[in-house]
Amino acid sequence: FPSQYCDNSYSFNFGSLSQKDVRLQLPVMGVISGQVTGTDGSVAKASEVCVTAYKSGADAVNWYSQSAGSSCTNESGQFELGVPFDTNPQNNPSLVTKYRLQFNSGNSSSPYRPKWYATPTATDSYMTASDISVTSASRNITANIVLPIGKSISGTVRTPSGDPVAGANVTAMSYSNAATGPLGVR
């Protein structure tokens with residue numbers, strides 16, 4: 001155990017008992033990092049986009065329970081996400097741990113639309129996202145992404161007589177019908 005990290009002078013107090021020479025085993029970590037830009041060439045600002053890593057291997061119903069960590073962009077659009085990777089029973093990190101990344105708006109003023117890492121545009125989901133492999137030989141992975149820029153809607157909600165409605169909540173959603181195709185925002 002390297003003495004530069006924890007020498008014999010360290011002790012842990014467990015109430016009235018004191019224990020010396022405690023050997024702590026921290027998980028072996030990898031790092032997934034990258035830069036977030038937009039299709040218009042913009043660079044994401046601090047906290048405009050957050051990324052969450054999910055372990056690969058789940059199904060369409062329980063993928064959200066596989067969350068392994070998340071991080072948001074800094075002022076240069078960079079993110080860095082620490083993720084554990086699996087080890088074999090002898091505690092040698094030799095297995096591959098695969099992750100799928102989901103990028104979401106970090107705040108309400110973010111112009112970026114959500115997207116899974118390296119998915120075809122029409123089928124953007126956990127199930128179609130590309131795996132990112134983290135291993136002992138490949139602990140630092142770069143995953144740059146270009147996100148689509150969203151649209152904005154503005155206006156005033158009014159009563160039937162034309163007066164503005166204070167505090168009105170408006171929800172925009174995409175609607176598609178098999179018979180008519182996409183119908184836009186409602």
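- Hydrophobic clustering, with ILVMFWY side chains joined whenever heavy atoms are under 4.5 angstrom apart, keeps Phe79 apart from Tyr54.
- With sequence neighbours excluded, the residues forming a side chain to side chain contact (heavy atoms under 4.5 Å, CB included) with Pro114 are Asn104, listed by chain and number.
- Ala44 approaches Val49 most closely through the heavy-atom pair CB-CG2, 4.1 Å.
- For the side chain to side chain donor-acceptor pair (under 3.5 Å) test, no residue two or more places apart in sequence or in another chain qualifies with Asn74.
- Taking all atoms of both residues into account, the shortest heavy-atom contact from Gly38 to Ile149 is CA-CD1, 4.0 Å.
- For the pair Thr97/Val83, no side-chain contact is recorded, criterion being any heavy-atom separation below 4.5 Å from C-beta on.
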Side chain to side chain contact (heavy atoms under 4.5 Å, CB included) between Ile132 and Arg100, intermediate numbers included: CA-CA 6 Å; Ile132 295 175; Arg100 295 179 183 183; over 6 Å; no
For residues 60-72, tabulate all N or O donor-acceptor pairs below 3.5 Å that involve a side-chain atom, not counting sequence neighbours.
residue : atom : partner : partner atom : Å
Asn62   : OD1  : Asp59   : N            : 3.0
Ser65   : OG   : Asn62   : O            : 2.7
Ser71   : OG   : Glu80   : O            : 3.1

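- Between Thr142 and Tyr117, the closest heavy-atom pair is O-OH, 4.4 Å.
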Evaluation steps, side chain to side chain contact (heavy atoms under 4.5 Å, CB included), between Val36 and Val51: CA-CA 10 Å; Val36 178; Val51 57; over 6 Å; no
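- The two atoms that bring Arg139 and Met29 nearest to each other are CD-O, 3.9 Å, heavy atoms only.
- The main-chain N or O of Thr135 is never found under 3.5 Å from a side-chain atom of Ser138 such that the two would form a donor-acceptor pair.
- Between Tyr126 and Trp116, the ring planes are perpendicular. Angles over 60° get that label, and only those under 30° would be called parallel.
- Residues Val43 and Gln35 come closest through the heavy atom pair CG1-NE2, 3.6 Å.
- With sequence neighbours left out, Thr156 forms a side chain to side chain contact (heavy atoms under 4.5 Å, CB included) with Arg158, Pro164.
- The CD atom of Gln102 sits 10.0 Å away from the OG atom of Ser125 when rounded to the nearest 0.5 Å.
- Within the structure, disulfide bond (SG atoms under 2.5 Å apart) contacts touching residues 127-170 (residues at least two apart or in different chains) do not occur.
- Sorted by first and then second residue, the side chain to side chain donor-acceptor pair (under 3.5 Å) pairs involving residues 37-52 (not counting sequence neighbours) are Asp40-Ser42, Ser42-Tyr112.
- Residue Gly77 comes nearest to Thr73 through the heavy atom pair O-CG2, 3.7 Å, listed as atom of the first residue, atom of the second, then distance.
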